[in-house]
Amino acid sequence: QSYHPEQTVYEERHLRYISALGKGNFGSVELCRYDPLGDNTGELIAIKRLQPNKQGNLADFRREIETISSLHCDFIVKYRGVCYSMGRCSVSLVMEYLPHGSLIGYLEKRPSHVNHRRLLLFASQICKGMEYLQSMRLIHRDLAARNVLVASDMLVKIADFGLTKIIPYDKEYYKVSQPGESPIFWYAPESISESKFSHKSDVWSFGIVLHELFSYCELSLNPKKLCMQGIGSDIQGHCTSMHLFNILKDSWRLPAPPFCPPKVYSIMMKCWAWESEERPAFSSLAELVEVTLQEDRE
Ligand SMILES: CCc1cc(O)ccc1-c1ccc2c(C(=O)Nc3ccc(C)nc3)n[nH]c2c1
């Protein structure tokens, strides 16, 4: 452990590029070794480069960095610092490197010991991380298994706060102007139809993550595929979000994953209540999951 574990400024010249990580949802994230001694003993870090040309991004990026540097929770990926590369007059975000990657890759490989108890442990850790975000008046807006990283066989952490927004003090929700390319299959109905996001829309997304967990992130059971089946393939890709909103309004929900305990499916269904007020808060969700975990022990 280096003398400055919470080092906040990394010098570009000591960064050794190793490989590209999590293309897509994390923007362009690289695995690097920060090796000031030049003897390969430096720490591994995950670094997210900002596309220097898009100016608007710079403000958003600075806000992302500001938000993340204020988060201190065992179930949220740790901020390490920033790296200014003068040559490219751009700033990069440095985060702790989690060696097992996202839940998707980890569960697909399904180490044999990942049983329902372990899935419930991960679910309760995600709940606690989200409870912490809520206490900071933050909504994640992109909670999905692809954005949950595995630190060890016993610990997962919430990642990618690129879309995270701070709820204004006088409001219970955040309305985005440009929905952009949105992961609608993880969205609550009010997020699909009105781009309204709140802690309760994060709760809906948590229900989807619980479904992904108990589906072991199998591609054939992924939310997008199951929703498209629910909608029916006769729409030729016209306005998928409207069709998704309508079947949800008609009480269609993702089917229970194979071998999913009824108690776990009932927790998912609570997260998928049409009215956001009827969805449980993350604090009570954490208890619900703990109770189910205890019962699983008996
Ligand atoms: C810096 C981008 C970012 C921004 C933010 O706001 C929050 C978290 C992250 C982030 C994103 C990805 C990772 C990773 C990883 O992707 N690890 C891995 C390990 C192994 C494999 C196969 N794949 C992958 N580790 N720490 C990470 C932090």
Side-chain angles (χ1 to χ4, degrees), residues 5-10 12 15-34 42-52 54 57-85 88 90-111 114 122 125-126 129-130 132-133 136 138-166 180 183 186 197 202 205 209 212 216-217 219:
E6 292 306 315
Q7 163 135 359
T8 59
V9 179
Y10 288 76
E12 173 87 19
L15 280 179
R16 301 279 175 277
Y17 173 84
I18 295 177
S19 66
L21 292 171
K23 273 273 177 219
N25 39 291
F26 290 126
S28 69
V29 180
E30 298 170 358
L31 169 59
C32 291
R33 181 183 297 281
Y34 188 65
E43 63 167 343
L44 292 177
I45 52 153
I47 183 163
K48 177 170 163 183
R49 308 261 183 214
L50 173 75
Q51 291 84 4
K54 294 179 209 150
N57 273 12
L58 192 59
D60 285 353
F61 199 63
R62 284 201 179 288
R63 229 190 325 275
E64 178 179 351
I65 291 172
E66 207 177 284
T67 304
I68 295 160
S69 55
S70 66
L71 302 179
H72 298 91
C73 171
D74 292 342
F75 309 112
I76 290 194
V77 178
K78 278 191 178 32
Y79 166 82
R80 278 275 186 267
V82 289
C83 173
Y84 296 102
S85 30
R88 301 199 338 230
S90 77
V91 62
S92 298
L93 170 64
V94 179
M95 301 294 281
E96 70 171 312
Y97 172 66
L98 273 72
H100 297 280
S102 88
L103 265 182
I104 306 261
Y106 181 80
L107 289 180
E108 271 176 346
K109 294 188 194 77
R110 195 182 327 185
V114 181
F122 290 166
Q125 290 171 346
I126 296 165
M130 289 306 294
Y132 172 81
L133 278 187
M136 305 286 280
L138 291 170
I139 37 176
H140 190 288
R141 290 185 53 231
D142 197 8
L143 184 58
R146 62 180 175 277
N147 287 337
V148 174
L149 293 170
V150 182
S152 75
D153 287 339
M154 301 290 281
L155 179 62
V156 293
K157 300 191 181 193
I158 298 168
D160 198 15
F161 302 96
L163 296 176
T164 303
K165 296 291 178 196
I166 301 170
W186 280 258
F197 295 86
D202 275 348
S205 302
V209 173
E212 294 184 276
Y216 288 91
C217 291
L219 203 58

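Computed from a predicted model, the values in this text were never measured in an experiment. Counting starts at 1 for both ligands and their atoms, following the listed order.
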message: Both conditions, 6.0 Å and 45 degrees, for the charged tip of R146 above the ring of W186: are they met here?
response: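 The answer is yes, since R146 meets both limits relative to W186.
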- prompt: Does any N/O atom on L98 come nearer than 3.5 Å to any N/O atom on ligand 1?
  reply: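 Looking only at distances, the answer is yes, because the N/O contact criterion of under 3.5 Å is met.
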message: Please identify which of these residues, L149, V156, V114, L98, meets the side-chain contact (heavy atoms from CB on, under 4.5 Å) condition with Y106.
response: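 With Y106 as partner, side-chain contact (heavy atoms from CB on, under 4.5 Å) holds for just one option, V114.
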task: Before accepting this row, confirm whether a basic side-chain N of the pair E43/R33 lies closer than 4.0 Å to the acidic partner's carboxylate O.
output: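 Looking at E43 and R33, the cut-off is not met.
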message: According to salt bridge (charged side-chain N to carboxylate O under 4.0 Å, His left out), does anything in residues 147-158 pair up with another residue at least two apart or in another chain? List the pairs.
response: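 Salt bridge (charged side-chain N to carboxylate O under 4.0 Å, His left out) check on residues 147-158 returns E96-K157.
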- request: Please could you name the atoms of ligand 1 that P99 approaches to less than 4.0 Å, counting only its heavy atoms?
  value: 19 (C), 20 (C)
field: Proximal atoms of ligand 1 relative to E96 (non-hydrogen, under 4.0 Å)
entry: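 Close to E96: 25 (N), 26 (N), 27 (C), 28 (C).
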- request: Select one of side chain, backbone, both or neither to describe which atoms of L31 lie under 4.0 Å from any atom of ligand 1, heavy atoms only.
  value: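 For L31, no heavy atom sits under 4.0 Å from ligand 1.
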field: Side chain, backbone, both or neither: I68 near ligand 1, heavy atoms under 4.0 Å
entry: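 I68 to ligand 1: side-chain contact only, backbone stays beyond 4.0 Å.
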Per atom 10 (C) of ligand 1, closest listed option by heavy atom (I158, L149, I65):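 Shortest heavy-atom distance from atom 10 (C) of ligand 1: L149.
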- prompt: Can you name the residues that form a salt bridge (Lys or Arg N to Asp or Glu O under 4.0 Å) with R16, not counting sequence neighbours?
  reply: none
